[in-house]
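To keep things clear, I will list the structure first and then write my remarks on it.
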Amino acid sequence: MDIIVNLDVMMAKRKISSGELAERVGITPANLSILKNGKAKAIRFSTLMALCRELQCQPGDILEYKE
Amino acid sequence: MNWNQDKSIVLSLVCVWLFALVLLASDAAAVIYLIGQLTGEAPFLPETYGIAADAETPLLTVFWLLFSIPAWIALFELRMILICFRKNRVFEAGTVRHMRIASWACVGAAAVCLAGTFFYPGMFVPALAAAFMALIVRIVKNSFEAAIRMKDELDLTI
């Protein structure tokens, strides 16, 4: 059971780079990398909201539950 | 007085050094006394200086020397913990390791004192004190472990 972060897929769909997304969301590129690599232990609602806003998507497009 | 955290750590380090000096002096006195007992040479015997020695004194001196081994280890680990604090490396695995070793050193000291109880019942008191100290250090160590887990989780919250 795991939560998969599909951030890289959404970023590829929206054709946006890591640096640009990090700047728009207001987090450091290092933290975005942690999120993309699935090493993050938690995500704040504010970060998720900013990601959805910038990527024009729903939280379910970024996060996926796999058994 | 302008008191801050750094000065407090320095004071603790000075106290550790003072304890180490007292331990060194007592160890040296114990060794000199035991040499006097073994060789029978007058300059090393306390009786030469008018100090009365009990029948248990040589055995107690041996126990003191055995007790000083874990005491040295505990003092060294306390010094290392304080150095970690000084470098702002508080909630790290290294600090917890030093605390674990210090706790086991206290257990070792308690064991030595407990063994000495068979020969001198009064040693039960330091045995109890050392065991209690080990318990306190262990609980502090457990708290630090929990804090490190929480910090890791917080650090990985994006």
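Quantities reported herein were computed from a predicted structural model and do not represent experimental measurements. Proteins get letters first, then strands, A, B, ... in listed order; numbering begins at 1 in each.
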Hey, quick one: are A:Ile3 and A:Leu32 part of the same hydrophobic cluster, counting side-chain heavy atoms closer than 4.5 Å, chains of contacts allowed?
yes
Looking only at heavy atoms, which two atoms of B:Leu156 and A:Lys39 are closest? And how far apart?
CD1-O, 3.7 Å
Taking CZ in B:Phe85 as the centre, count heavy atoms belonging to other residues, nucleotides or ligands within less than 6.0 Å. Is the count above 12?
yes
Give the cluster check for B:Phe67 versus B:Val125: same hydrophobic cluster or not, with ILVMFWY residues linked at side-chain heavy-atom distances below 4.5 Å.
no
Check the surroundings of atom CZ in A:Phe45: do more than 12 heavy atoms from other residues, nucleotides or ligands lie under 6.0 Å from it?
no
Report which part of A:Ile43 has an atom under 4.5 Å of a heavy atom belonging to chain B: side chain, backbone, both, or neither.
both
Value for CG (A:Asn31) from CD1 (B:Ile158), rounded to nearest 0.5 Å, stands at 4.0 Å
